Chemist: 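Mind having a look at this structure? Questions to follow.
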Amino acid sequence: MDPSEELIIKDKCRELSLRFGRLQDERRYNDLPKLMTEDGTYTRLGEKLTILDFIEWVGTMPPNKTRHFVTDIDFSEVREASAKGVSYYTLYLYGGETNSPYPLDGPFVVGEYHEKFVKTDEGWKIKSREAQIIFRKPK
């Protein structure tokens with residue numbers, strides 16, 4: 001593969017990964033399937049969900065204010081029609097009634113996203129995203 005092709009693939013995948021967190025923060029859950037394959041999965045707390053089941057689950061969450069901070073992806077594989085890698089994320093969450101700026105008491109969780117991407121007829125999509133929590137704020 002030409003090095004410039006590899007850079008383009010990585011850029012497309014990074015864009016998908018970052019946009020996923022942004023859409024969650026904006027509570028635009030119904031836009032998430034556009035980023036994933038039809039059979040795409042999101043694994044959280046060890047439970048693998050279809051993207052539609054994930055959307056249903058996040059829809060039951062309280063209307064918290066969140067921000068996902070995601071690092072660049074460390075790609076372990078980049079091919080012409082697939083890629084995979086790991087990024088770190090930090091999630092900040094506020095569930096109170098105060099207006100912005102919200103009080104800050106450190107991150108809620110810190111973890112890793114293990115993602116697989118595939119090239120489809122509509123362009124690059126997320127095939128699977130697994131969120132693994134590494135650090136969690138004590139309850």
Side-chain angles (χ1 to χ4, degrees):
M1 173 185 325
D2 181 282
S4 62
E5 290 177 88
E6 183 175 338
L7 288 173
I8 290 169
I9 292 168
K10 287 180 175 181
D11 190 55
K12 297 287 186 187
C13 295
R14 287 180 183 114
E15 183 180 326
L16 291 166
S17 187
L18 292 173
R19 175 130 352 244
F20 198 101
R22 178 83 176 174
L23 291 175
Q24 284 184 271
D25 292 339
E26 294 174 357
R27 302 183 69 79
R28 293 172 50 195
Y29 306 130
N30 291 329
D31 290 335
L32 293 175
K34 298 174 192 168
L35 305 180
M36 300 192 78
T37 61
E38 284 186 30
D39 62 345
T41 59
Y42 188 104
T43 303
R44 58 133 186 108
L45 303 174
E47 181 182 12
K48 185 184 281 190
L49 303 170
T50 67
I51 187 57
L52 298 179
D53 288 339
F54 175 73
I55 291 168
E56 183 178 325
W57 173 74
V58 292
T60 67
M61 297 288 102
N64 298 317
K65 310 296 187 243
T66 63
R67 287 300 177 269
H68 291 77
F69 288 85
V70 182
T71 68
D72 198 354
I73 299 170
D74 179 22
F75 288 92
S76 58
E77 179 181 294
V78 178
R79 297 187 175 156
E80 290 182 16
S82 66
K84 64 182 178 179
V86 176
S87 60
Y88 296 157
Y89 70 91
T90 303
L91 174 61
Y92 292 86
L93 180 138
Y94 176 67
E97 298 296 323
T98 305
N99 290 326
S100 178
Y102 309 113
L104 181 63
D105 191 27
F108 179 66
V109 297
V110 175
E112 300 174 356
Y113 288 130
H114 294 253
E115 294 177 294
K116 293 180 182 174
F117 307 89
V118 295
K119 187 175 183 180
T120 70
D121 291 340
E122 294 84 36
W124 284 88
K125 303 277 184 173
I126 299 170
K127 172 80 172 159
S128 67
R129 180 178 238 215
E130 180 179 351
Q132 296 180 3
I133 295 174
I134 306 301
F135 300 100
R136 173 176 245 141
K137 186 175 181 174
K139 295 181 180 184

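Any value given below was found using the heavy atoms of this structure, including those in side chains, with hydrogens, waters and symmetry copies removed. Note that the structure is predicted; figures quoted are calculated from it, not measured. Residues take their numbers from the sequence shown, with the count starting at 1.
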Chemist: In terms of heavy-atom contacts, does OH of Tyr88 have more than 12 from other residues, nucleotides or ligands at under 6.0 Å?
Modeler: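 12 or below, so no.
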Chemist: Counting only heavy atoms not in Arg19 (residues, nucleotides, ligands), do more than 12 fall under 6.0 Å from its CZ?
Modeler: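 For Arg19, atom CZ is not crowded (no more than 12 foreign heavy atoms under 6.0 Å).
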Chemist: Are any of the side-chain heavy atoms of Glu77 and Ser82 separated by less than 4.5 Å?
Modeler: yes
Chemist: Checking side-chain hydrogen bond (donor to acceptor under 3.5 Å, both in side chains) against Asp25, which of Lys65, His68, Arg67 comes through?
Modeler: His68
Chemist: Report, as yes or no, whether the 6.0 Å neighbourhood of atom CZ on Arg27 holds more than 12 heavy atoms from other residues, nucleotides or ligands.
Modeler: yes
Chemist: If you apply the rule side-chain hydrogen bond (donor to acceptor under 3.5 Å, both in side chains), what do you find for Ser4 with Asp2, and how did you get there?
Modeler: CA-CA 5 Å; Ser4 62; Asp2 181 282; 2.3 Å; yes
Chemist: Can you find a side-chain donor-acceptor pair between Asp39 and Thr37 that sits under 3.5 Å?
Modeler: yes
Chemist: Do Glu130 and Gln132 get their side chains close enough for a donor-acceptor pair, meaning under 3.5 Å?
Modeler: yes
Chemist: Mind checking ring pair (Phe, Tyr, Trp, His ring centres under 6.0 Å) for Phe20 and listing every partner two or more places apart, or none if nothing turns up?
Modeler: Tyr42
Chemist: Applying ring pair (Phe, Tyr, Trp, His ring centres under 6.0 Å), can you list everything that pairs with Tyr113, at least two apart in sequence or on another chain?
Modeler: Tyr89
Chemist: Could you tell me if Ser17 and Arg129 have a donor-acceptor pair between their side chains, going purely by distance under 3.5 Å?
Modeler: yes
Chemist: In terms of heavy-atom contacts, does CD of Glu80 have more than 12 from other residues, nucleotides or ligands at under 6.0 Å?
Modeler: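 No, not enclosed.
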Chemist: Mind checking side chain to side chain donor-acceptor pair (under 3.5 Å) for Tyr92 and listing every partner two or more places apart, or none if nothing turns up?
Modeler: none
Chemist: Is there side-chain contact between Pro33 and Ile55, with at least one heavy-atom pair below 4.5 Å?
Modeler: yes
